[in-house]
Structures are given as structure tokens and as C-alpha cells.
> 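Please see the structure below; I have some questions.
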Amino acid sequence: MTGHDAPLRLGVLGCADIARRRTVPAVAEVDGVKLAAVASRDAARAAATAAEFGCAAIVGYDTMLASPSIDAVYIPLPATAHAAWIEQALTAGKHVLAEKPLTTERETSVRLMALARERGLVLLENMTFLHHAQHTTVPGLLADGKIGQPRDLTSVFTVPPLPEGHSQSTPGVGGGALLEQGVYPIRAAVRYLGEDLRVLGAALHVRGGDGMVVSGRVLGTTPQGVTADLRFGVRHSYRSSCAIAGSTGRLVLEHAFTPPASHRPVVRIERQDHREEVTLRADHQFANLITFFAAAVRGIERGEPDPLLQRLAEGSLRQAELIAEIEEGARRITV
Ligand SMILES: NC(=O)c1ccc[n+]([C@@H]2O[C@H](COP(=O)([O-])OP(=O)(O)OC[C@H]3O[C@@H](n4cnc5c(N)ncnc54)[C@H](OP(=O)(O)O)[C@@H]3O)[C@@H](O)[C@H]2O)c1
């Protein structure tokens, strides 16, 4: 339990790249949250990271979870380690912000969401793009009829090959490209087309030898026939886009998932006789998410849970269900 006026004391489990590059610097920008400590399996790494960000260094994740000076933890561990550490953190009474994918199995995510609810704790997946203002503006443009009735969505998240031995593509450690990169277009499709999206078919490109997924393409549809074409992987140049084609026009967001805080997104709207670019304000999706997480903790502690927390949890579970459908039905092609 935290005092409502005292800052939320956040601990970080693991000196991950994403923590050091984006999440931890964003914490400094958020009122009401204090980076209290970073924990690492390695004493020197904990000390160096703590010195960089001006907080305490802790050796061992379990030592952090046992600390009464930590109210909440951020878990940026490799995907296969999320479930066990989320469970231990919730059991230790800590609120949890966990990196995507929340876990590698839907049933486990359902169980951990239930555990968080039972214990009156927040469990939130760090899907930061959902907290960028551009994704609040676009539904408004669609509702204004800028492209007519939506007919299909195309979304892409691809990054160049990861360095040899990177945790995200190490068997038994990372999740592979469906869980690491695929979650973005899949979640965008759920966000824009709704939770009743279904998978029609999928191709997963797998690495010879260890079978890790390196890229893929998914075709989905809503019950009304609005289709989704989703592409992801670690075999192409960087792309991070979301486009919706409608009965009278097309709307394109080129930097849909990981825009830096200084980036002013441009929404392009194309109709037969018209082309328009709407430049939006820059926004800091990592800071926004941490602000939301802290407010959600305060809400739960007051006995007034934010309804958005429940909707985000449902979105995370729907995303996990779609991933399970893709894993089950996909054609695997060795590349
Ligand atoms: N939200 C986003 O925009 C975003 C972006 C990129 C990645 N991610 C997610 O963040 C998570 C971490 O990704 P990352 O690329 O930042 O990973 P990373 O740099 O490899 O860091 C993972 C950290 O986990 C700890 N760890 C514990 N067991 C490990 C093991 N067996 N192998 C390697 N590291 C281990 C290490 O910390 P210590 O050695 O200090 O203990 C390591 O620094 C993944 O779930 C990924 O999908 C999210």
C-alpha cells in the first residue's frame, strides 16, 4: 500500500535495452512516480544502470520483490520470463507494469489478470502506442466520415534483423517475431476493427534449425467482412504503419507504433480528388502510459478502479487469443 500523496516507488526488474532507452527516461517526466531502484542478475550492471539513472541498485529480482521500499515493478524481461516474475511480483504485493507480450500463453495471462484482481493490484501490459494521442485522433477522423465506411486495415511492424543472440529471438528466452513484433499490428487491428476480429489464415516464416518465428503475415476479418492484413518480423527494413481503406478514401499513419516523443505524426487522407495531410502534436506515449499506470494504482487503492484498465486487460487477452489462433492454424515456412 502506498500513501496517496507520496510518489509511487517504482522498481525495474532487469537492465533491459527498452528500459534504459525509453521507459526509465520517461519515468523522470512523470509526476507522482519515482524510480526507486533497478535490479539486475549482475551486480556491476545494476550499479552502472543505477548510477546512470540516479536510483538504488539491487542484485537479484527476488531481493527487489522482497523490498518494502518498492510499491510497483516494471518487468522488461525476455518474453518467456514475464509470467513467472509477474506472478512472484503480484504475490509479493507489488503492482505490475509488464512488457509486451504480457505472457506467452493466453491461459497464463487470464490467470495472472485474475490474481491481480483478487489481490487488488494493477497488472498492465506496456503497449505504449495505445496511449499516443494519434490513436485517439484517428477514431475521430473515421467517425467524421473522412474515408467513408472502413473496408480493410493494413498494418505493418517490421524491423531489420536483430543482432546474433539477441534475447528476443533466442529459443526458450524470447518470444520470436509473432510475439515480439506481431503484437503491434494485431493489437492495432483489435483497436480499430474491434474484439470480434477473427483469423482467416496466416503464414509464419520460421528459422531453419530452431524453428523461431522471424516474420509472418496474417489475414483476419470482422463478422461484417472488414478485413485485416497484418505483417511483422525481423527480416525487413523498419516499417511501423497502419492504413485503413474505406468506401470513399484511405487513411494512413506512417509511424504508428514507436514514434519518439518529439515526432509530430502526419495522418494522410486520400480520396479520389483530394489529398490531405493532418500534422498532429508530438506526444510521449511512454510517459503517458506511466502516468496512466500510476493513476490506475491510485484508483485501485481508493477502491475506484479506472474502467480503462479493464478494457485494456480485455484487449491484451483478445490479442493473446488471436496469437494462439495464429500459432495453431498458421502455415509454417522455413526460410
Ligand atoms: N514497449 C516497447 O516499445 C518494447 C520495445 C522493445 C522491447 N520490448 C519488450 O521488452 C522486453 C525486453 O526486450 P529487450 O529487447 O529490451 O531485451 P534485452 O535488452 O535483452 O533485456 C532483457 C533483460 O532481461 C534480463 N534477463 C533475464 N534473463 C535473461 C536471459 N535469459 N537472457 C537475456 N536477458 C535476461 C537482463 O537483465 P539483467 O541482466 O540486468 O538481469 C536483460 O537486460 C521484451 O518483452 C520485448 O518484447 C518492448
Side-chain angles (χ1 to χ4, degrees), residues 11-27 37-53 55 57-65 73-86 88-89 96-104 109 124-132 157-188 212-213 232-234 238 240 255-261 263 284-290 292-293 312 316 319-320 323:
V12 179
L13 255 65
C15 302
D17 175 63
I18 187 61
R20 299 179 61 234
R21 236 175 358 95
R22 300 208 66 180
T23 318
V24 170
V27 172
V38 291
S40 174
R41 298 167 300 170
D42 176 85
R45 202 156 42 242
T49 311
E52 186 180 346
F53 295 105
C55 65
I58 293 178
V59 183
Y61 308 149
D62 42 7
T63 309
M64 172 170 278
L65 295 185
V73 290
Y74 165 57
I75 303 185
L77 298 173
T80 61
H82 291 180
W85 287 104
I86 291 172
Q88 289 192 51
V96 177
L97 172 62
E99 264 307 338
K100 42 59 59 171
L102 189 65
T103 76
T104 54
S109 295
L124 179 68
E125 185 181 33
N126 200 39
M127 262 298 179
T128 57
F129 83 88
L130 298 169
H131 299 261
H132 193 292
F157 188 66
T158 56
V159 296
L162 300 168
E164 182 85 22
H166 193 287
S167 67
Q168 292 187 21
S169 57
T170 300
V173 178
L178 173 59
L179 288 159
E180 304 283 358
Q181 284 76 36
V183 288
Y184 291 108
I186 292 168
R187 191 59 173 269
M212 284 300 271
V213 176
F232 50 87
V234 291
Y238 180 82
S240 168
H255 218 329
F257 300 122
T258 58
H263 175 73
H284 197 335
Q285 61 191 40
F286 279 76
N288 291 348
L289 187 136
I290 294 160
F292 171 74
F293 175 70
L312 288 169
S316 290
Q319 167 193 312
I323 286 171

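For ligands, and for the atoms within them, numbers begin at 1 and follow the listed sequence. Every heavy atom of this structure was used, including side-chain atoms; hydrogens, water molecules and symmetry mates were not.
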> Mind checking whether Lys100 and Ser316 have side chains closer than 4.5 Å, heavy atoms only?
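A side-chain contact under 4.5 Å is absent here.
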> Considering only the protein, which heavy-atom contact is closest to atom 38 (P) of ligand 1, and what is its distance?
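Checked against all protein heavy atoms, atom 38 (P) of ligand 1 sits closest to Ser40 OG, 3.3 Å.
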> Under a 4.0 angstrom heavy-atom cut-off, which atoms of ligand 1 come close to Leu77?
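The list of qualifying atoms is 11 (C), 12 (C), 24 (O), 25 (C), 27 (C), 44 (C), 45 (O).
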> Would you mind checking which non-hydrogen protein atom is closest to atom 10 (O) of ligand 1, with the distance to 0.1 Å?
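It is Glu99 CG, 3.1 Å.
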> Students should be able to answer this: which protein heavy-atom is nearest to atom 7 (C) of ligand 1, and at what distance?
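Sorting protein heavy atoms by distance from atom 7 (C) of ligand 1 puts Gln168 NE2, 3.5 Å first.
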> Mark up the atoms of ligand 1 that fall under 4.0 Å of a heavy atom belonging to Tyr61, in ascending order.
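So the atoms of ligand 1 that pass are 25 (C), 26 (N), 27 (C), 36 (C), 37 (O), 38 (P), 41 (O).
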> So which heavy atom on Ile186 is nearest to which on Leu178, and how close?
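Shortest heavy-atom contact: CD1-CD1, 4.0 Å.
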> Give a yes/no on ligand 1: does Phe257 have at least one heavy atom closer than 4.0 angstrom to it?
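It does not; every heavy atom stays at 4.0 Å or beyond.
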> Thr258 versus ligand 1: do any nitrogen or oxygen atoms come within less than 3.5 Å of each other?
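Between Thr258 and ligand 1 (N or O atoms, distance only) the closest approach is not under 3.5 Å.
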> Regarding Thr80 and Thr104, is there a side-chain donor-to-acceptor distance under 3.5 Å anywhere?
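Not at all, the side chains of Thr80 and Thr104 share no donor-acceptor pair under 3.5 Å.
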> Which residue supplies the protein heavy atom nearest to atom 20 (O) of ligand 1, what is that atom called, and how far is it?
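Here the nearest protein heavy atom works out to Ser167 OG, 2.6 Å.
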> Does Arg20 reach the main-chain N or O of Glu52 with its side chain, forming a donor-acceptor pair under 3.5 Å?
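No; judged by distance alone, with no hydrogens or angles, the pair does not exist.
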> Which heavy atom of His284 sits nearest a heavy atom of Ala26, and at what distance?
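In terms of heavy atoms, the two residues are closest at CE1-CB, 3.7 Å.
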> Please list, in number order, the atoms of ligand 1 under 4.0 Å from a heavy atom of Cys15.
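Those qualifying, in numeric order: 37 (O), 38 (P), 40 (O), 43 (O).
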> Any nitrogen or oxygen of His82, main chain or side chain, under 3.5 Å from a nitrogen or oxygen of ligand 1?
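Right, the criterion is met.
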> I need the nearest protein heavy-atom contact for atom 28 (N) of ligand 1: residue, atom name and distance, please.
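Protein heavy atom at minimum distance: Arg41 NH1, 3.2 Å.
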> Side-chain contact, heavy-atom cut-off 4.5 Å: Leu312 with His131?
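Counting from C-beta outward, Leu312 and His131 do come under 4.5 Å.
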> Given 3.5 Å as the limit, does a donor-acceptor pair link the side chain of Glu180 with the main chain of Gly175, or not?
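Yes.
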> If I compare all heavy atoms of Ile75 with all of His82, which pair ends up nearest, and what's the gap?
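Nearest pair, atom of Ile75 first, then His82: O-NE2, 4.3 Å.
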> Give the numbers and elements of all ligand 1 atoms closer than 4.0 Å to a heavy atom of Glu180.
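Listed by number with element, the hits are 44 (C), 46 (C), 47 (O).
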> Identify, for atom 42 (C) of ligand 1, the protein heavy atom at the shortest distance, and state residue, atom and that distance.
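Nearest neighbour among protein heavy atoms for atom 42 (C) of ligand 1, to 0.1 Å: Ala16 CA, 4.3 Å.
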> Tell me the closest heavy-atom pair linking Gly165 and Thr170, and the distance in Å.
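Looking at all heavy atoms of both residues, the closest pair is O-OG1, 3.4 Å.
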> Distance under 4.0 Å to a non-hydrogen atom of His166: what atoms of ligand 1 satisfy this?
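Near His166, the atoms of ligand 1 are 15 (O).
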> Test of understanding: given a 4.0 Å heavy-atom threshold, classify the contact between Lys100 and ligand 1 as side chain, backbone, both, or neither.
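For Lys100, backbone and side-chain atoms both sit under 4.0 Å from ligand 1.
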> Kindly write out the residues that satisfy side chain to side chain contact (heavy atoms under 4.5 Å, CB included) with Ala16, not counting sequence neighbours, or none if the list is empty.
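Ala16 satisfies side chain to side chain contact (heavy atoms under 4.5 Å, CB included) with Ile18, Ala19, Pro76 once adjacent residues are dropped.
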> Can you sort out the partners of His166 under ring pair (Phe, Tyr, Trp, His ring centres under 6.0 Å), two or more places apart, ordered by chain and number?
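With neighbours one apart ignored, the set is empty.
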> Under 4.0 Å, heavy atoms only, figure out whether ligand 1 is touched by the backbone of Phe286, its side chain, both or neither.
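Under 4.0 Å from ligand 1, Phe286 contributes side-chain atoms alone.
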> May I ask you to list the atoms of ligand 1 that are less than 4.0 angstrom from any heavy atom of Asn126?
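Going through ligand 1 atom by atom, the ones under 4.0 Å from Asn126 are 1 (N).
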> So which atom in Pro78 and which in Ser167 form the shortest heavy-atom distance, rounded to 0.1 Å?
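It is CG-CB, 4.3 Å.
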> Within the side chain of Glu125, is there an N or O that forms a donor-acceptor pair under 3.5 Å with the backbone of Leu102?
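Looks like yes, one N/O pair under 3.5 Å.
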> Can you list the ligand 1 atoms lying under 4.0 Å from a non-hydrogen atom of Arg45?
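Near Arg45, meaning under 4.0 Å from one of its heavy atoms, ligand 1 has 38 (P), 39 (O), 40 (O).
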> Is the closest N or O pair between Tyr184 and ligand 1 shorter than 3.5 Å?
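Yes: some nitrogen or oxygen of Tyr184 is under 3.5 Å from one in ligand 1.
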> Of Ala98, Pro78, Gly60, which has the heavy atom at the shortest distance from atom 33 (C) of ligand 1?
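When every heavy atom of Ala98, Pro78, Gly60 is considered, Pro78 comes closest to atom 33 (C) of ligand 1.
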> With respect to Pro76, determine whether any N or O atom, backbone or side chain, lies less than 3.5 Å from an N or O atom of ligand 1.
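Checking ligand 1 against Pro76, no N or O pair falls under 3.5 Å apart.
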> Parallel, tilted or perpendicular: which fits the ring planes of Tyr184 and Phe257, with parallel below 30° and perpendicular above 60°?
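Because their plane-to-plane angle lies in the 30° to 60° range, the rings of Tyr184 and Phe257 count as tilted.
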> What protein heavy atom is closest to atom 32 (N) of ligand 1, reported as residue, atom name and distance in Å?
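Residue, atom and distance for the closest contact: Val173 CG1, 3.7 Å.
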> Taking distance alone, with no angle check, do Ala39 and ligand 1 share an N/O pair under 3.5 Å?
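Checking ligand 1 against Ala39, no N or O pair falls under 3.5 Å apart.
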> Which residue owns the protein heavy atom closest to atom 16 (O) of ligand 1, what's the atom, and how far is it?
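For atom 16 (O) of ligand 1, the nearest protein heavy atom is Ile18 N, 2.9 Å.
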